[in-house]
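Since the structure is predicted, the reported quantities are computational estimates derived from the model, not experimental observations.
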Amino acid sequence: KRLDAAAISLVVALRERDALERQAGAAINAMLTEGLTLADVVTWTDGETTLKEATRLADLPAQAD
């Protein structure tokens with residue numbers, strides 16, 4: 001039972017993470033639509049992300065397949 005509960009918690013956490021990453025990607029794409037570059041996005045977020053991470057997030061699909 002403890003393993004089942006842990007597995008369920010893991011799946012929920014992973015799905016929540018994925019949803020939040022898609023939300024972050026959508027926000028990045030909105031910034032790009034406004035004319036910013038990915039380097040600008042990193043600057044606007046005061047270094048809370050990297051160029052590599054911003055690129056990865058921007059490339060995520062808006063919804064899970």
Side-chain angles (χ1 to χ4, degrees):
K1 287 183 180 183
R2 289 190 308 261
L3 287 175
D4 285 340
I8 290 169
S9 292
L10 173 59
V11 169
V12 169
L14 290 172
R15 288 187 179 177
E16 288 174 347
R17 178 206 60 198
D18 291 347
L20 289 171
E21 286 194 344
R22 286 190 304 275
Q23 184 180 355
I28 290 169
N29 283 312
M31 295 172 83
L32 295 175
T33 299
E34 292 293 328
L36 271 62
T37 65
L38 285 169
D40 294 332
V41 170
V42 173
T43 300
W44 271 81
T45 59
D46 198 27
E48 287 295 317
T49 189
T50 64
L51 186 57
K52 182 178 178 179
E53 176 104 22
T55 302
R56 182 184 71 78
L57 292 170
D59 288 341
L60 290 176
Q63 296 185 46
D65 294 332

Distance col, row Leu20:CG vs Gln23:CD, nearest 0.5 angstrom, shows 6.0 Å

Looking only at heavy atoms, the pair that brings Leu32 and Ala58 closest together is CD1-CB, 4.3 Å

Applying side-chain contact (heavy atoms from CB on, under 4.5 Å) to Thr55 and not counting sequence neighbours gives Leu38, Leu51, Asp59

Rounded to the nearest 0.5 Å, the CD atom of Glu34 sits from the CG atom of Asp40 at a distance of 12.5 Å

For Leu3, is the CG atom crowded, meaning more than 12 foreign heavy atoms sit under 6.0 Å from it?
no

Interatomic distance, CZ@Arg22 vs CZ@Arg17, rounded to 0.5 Å, equals 10.0 Å

When rounded to the nearest 0.5 Å, the distance separating CD of Glu48 from CD of Glu53 is 11.0 Å

Interatomic distance, CG@Leu14 vs CG@Leu10, rounded to 0.5 Å, equals 4.5 Å

Of Leu36, Thr49, Ile28, Thr50, the one forming a side chain to side chain contact (heavy atoms under 4.5 Å, CB included) with Val42 is Thr49

